[in-house]
Every structure is written in structure tokens, then in C-alpha cells.
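One structure is given below, encoded as C-alpha cells.
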Amino acid sequence: MKILYCGDIVGRAGRNTITKHIKDIREKYALDAVIVNGENAAHGFGLSPSIAEDLLNAGVDGITTGNHIWQQREIYPFLDSSSQIIRPLNYPETLPGSGWRLLNINGKKLLIAQVLGRLFMPPVNSITDPLDELLKRFVLGKNVDAILVDIHAEATSEKLALGYYLDGKVSLVAGTHTHVPTADARILPNQTGYITDVGMCGDFESVLGFEPQTPVERLADKLTIQNRLNPANGKELTLWGVMIETAPNGLCQSITQIKETFENI
């Protein structure tokens with residue numbers, strides 16, 4: 001399978017990057033599946049049902065989220081009803097939604113799962129325990145054709161550690177959340193693709209997808225009052241992603257970092 005995973009969608013610019021251009025991207029790279037992180041899609045914080053539907057209708061196969069998933073309350077029932085959206089697996093099971101979904105892609109089975117990091121992030125359960133249980137149920141090359149695991153985390157050490165922990169068990173371990181693409185896309189020793197952070201989709205002439213003015217003011221301001229961050233929406237759209245191609249056993253045989261730019265019309 002050829003799978004593209006696109007980094008955090010930030011605001012309208014990020015949404016336009018995907019909804020207006022993903023069809024052409026799919027054709028250009030002859031992709032079997034496109035997965036995106038949508039946790040900053042609703043004005044930079046969370047995901048709404050209408051935005052999720054727009055992304056899926058545009059040609060996205062699955063949507064991961066992150067720590068901002070609870071900020072748009074209208075998404076809660078949608079998390080239960082949609083079979084294409086996941087929230088972090090290591091949140092309590094009593095919360096809405098699921099931390100994994102099994103997608104049927106042209107006769108192939110793609111498992112997507114996500115965990116939240118524990119360093120410098122909201123309190124969550126174990127990272128590895130729920131993944132261990134999930135991978136007892138779904139075994140790469142046996143009852144599933146590809147497995148993508150997102151780790152949504154601040155700490156690069158956690159992301160790297162999980163990459164090695166899952167090496168040989170999944171097709172791809174990809175980090176998100178920090179919005180800055182890292183230059184370490186590679187195949188680990190046991191044939192799992194890995195990247196510490198995929199990057200983001202939106203206006204890259206920004207501070208992590210947001211207009212620079214407020215972050216700059218916060219940098220210099222000694223007051224605790226903080227103005228609201230506003231997503232940037234400039235002249236150029238940028239898509240950062242990572243593309244893998246899997247071998248017949250489901251492990252990674254190639255990994256490529258993808259950057260595409262478009263005029264923001």
C-alpha cells in the first residue's frame with residue numbers, strides 16, 4: 001500500500017490545503033490511502049463535525065486528532081458514530097470515540113491508531129499498554145495489511161522510544177503535535193517507517209500555523225493575560241506529510257517526506 005499521512009491541519013488555511021488539493025495529491029503520488037491529523041482544524045483548536053465531513057468528502061480516508069479533540073463539544077457524538085475518526089487511545093475508555101479504526105481500502109485493511117504523549121501533556125494512561133492489547137488483536141501481515149500509529153506528543157524522546165518499541169510490529173510510527181517537520185524520516189532496523197514530527201498543513205509563514213503577532217507579544221509580555229491565537233491565512237498554503245510504501249508483509253519498504261505548496265485562492 002502507498003499511504004500518505006499529513007500533519008496537523010491548522011485553521012482555514014490547513015483545511016483549504018486538504019479540501020482543495022488532496023485529489024490532485026492522490027493522483028500525483030498514486031496513493032491508496034490518505035490520513036490526516038485534524039485536531040487544529042477548527043480555528044486552530046479541535047475538530048467540528050462539519051469540518052470532518054468536508055475533509056472526508058474531499059477524499060481523506062481517516063482523521064487522527066490529539067489533545068485538543070475535546071475543545072469542540074459538538075464533535076463528541078460524532079466520534080462515536082464515525083468509523084473514520086480516532087481520538088488518542090490512552091484516554092479513558094469511557095470517553096467518546098475510539099483510539100483506533102480499521103479502514104477497508106480497496107480490499108486492503110489499514111489499521112490507524114493514536115496515542116498521546118505523557119511528558120508536558122495533559123494526564124493520560126499508559127502509552128504502551130493499550131497498544132499492546134490492540135496489537136494482540138491485529139497482527140501485521142496476518143489479519144491486517146498495514147498499521148499506522150500516530151504519537152501526538154511534545155517530547156521527541158517519547159516519539160523515538162515508541163518508534164523502537166513498535167519496530168517490526170507496525171508499518172509507520174509518526175509523530176505529530178509540534179507542527180515543525182523533522183528531518184529524520186527513515187526505516188528502523190526491523191522495517192518500521194518512522195518520523196519524529198510530520199509537520200503541519202496550513203500557512204507555514206506563521207508561528208506553528210498561527211498569526212505571529214500574538215506569540216511575539218506573549219514572548220515579550222510579562223503579564224499573565226494572553227490574547228487569543230488566530231490561525232494564519234496568508235498567500236501560500238503548505239502541506240507537509242510522510243508517504244510510505246509497504247511490502248507484502250505490511251512493513252515499510254520506502255518512506256518519503258512530502259512538501260507541497262499551493263496558492264491560497
Exercise. Is the number of heavy atoms from other residues, nucleotides or ligands under 6.0 Å of Arg12 CZ greater than 12?
Worked result: no
Problem set entry | Cationic N near anionic O, under 4.0 Å, Arg26 to Asp61 | yes
Exercise. So with a 6.0 Å cut-off around CD of Gln253, is the heavy-atom count from everything else above 12?
Worked result: yes
Exercise. Around atom NZ of Lys2, are there more than 12 heavy atoms of other residues, nucleotides or ligands at under 6.0 Å?
Worked result: yes
Seminar exercise, completed: Correct closest heavy-atom pair for Glu154 and Phe120 would be CG-O, 3.7 Å
For this session: Let me see the working for Asp54 and Thr19 under side chain to side chain donor-acceptor pair (under 3.5 Å), right down to the final yes or no.
Result: CA-CA 7 Å; Asp54 287 345; Thr19 57; over 6 Å; no
Problem set entry | From CA spacing to verdict: side chain to side chain donor-acceptor pair (under 3.5 Å), Asp184, Thr196 | CA-CA 7 Å; Asp184 62 341; Thr196 298; 2.4 Å; yes
Exercise. Judged by modelled atom types alone, do Tyr5 and Asp150 share a side-chain donor-acceptor pair under 3.5 Å?
Worked result: yes
Exercise. Looking only at side chains, do Asp32 and Asn106 share a donor and an acceptor under 3.5 Å apart?
Worked result: no
Problem set entry | Criterion side-chain contact (heavy atoms from CB on, under 4.5 Å) against Glu236, the qualifying member of Thr17, Thr261, Asp203 | Thr261
Exercise. Hey, is CD on Glu93 packed in by over 12 heavy atoms from elsewhere, all under 6.0 Å?
Worked result: no
Problem set entry | Steps toward salt bridge (charged side-chain N to carboxylate O under 4.0 Å, His left out) verdict (Glu260, Lys28) | CA-CA 11 Å; Glu260 296 282 348; Lys28 178 178 180 178; 2.7 Å; yes
Exercise. Does Glu74 CD have over 12 foreign heavy atoms under 6.0 Å away?
Worked result: yes
Exercise. Has Lys169 got its NZ or CZ under 6.0 Å from the middle of the six-membered ring of Tyr165, at an angle within 45 degrees of the ring axis?
Worked result: yes
For this session: State, without any angle test, whether Asn37 and His177 hold a side-chain donor-acceptor pair at a distance under 3.5 Å.
Result: no
For this session: Write down the atom of Leu116, the atom of Gly66, and the distance for their closest heavy-atom approach.
Result: CD1-C, 4.2 Å
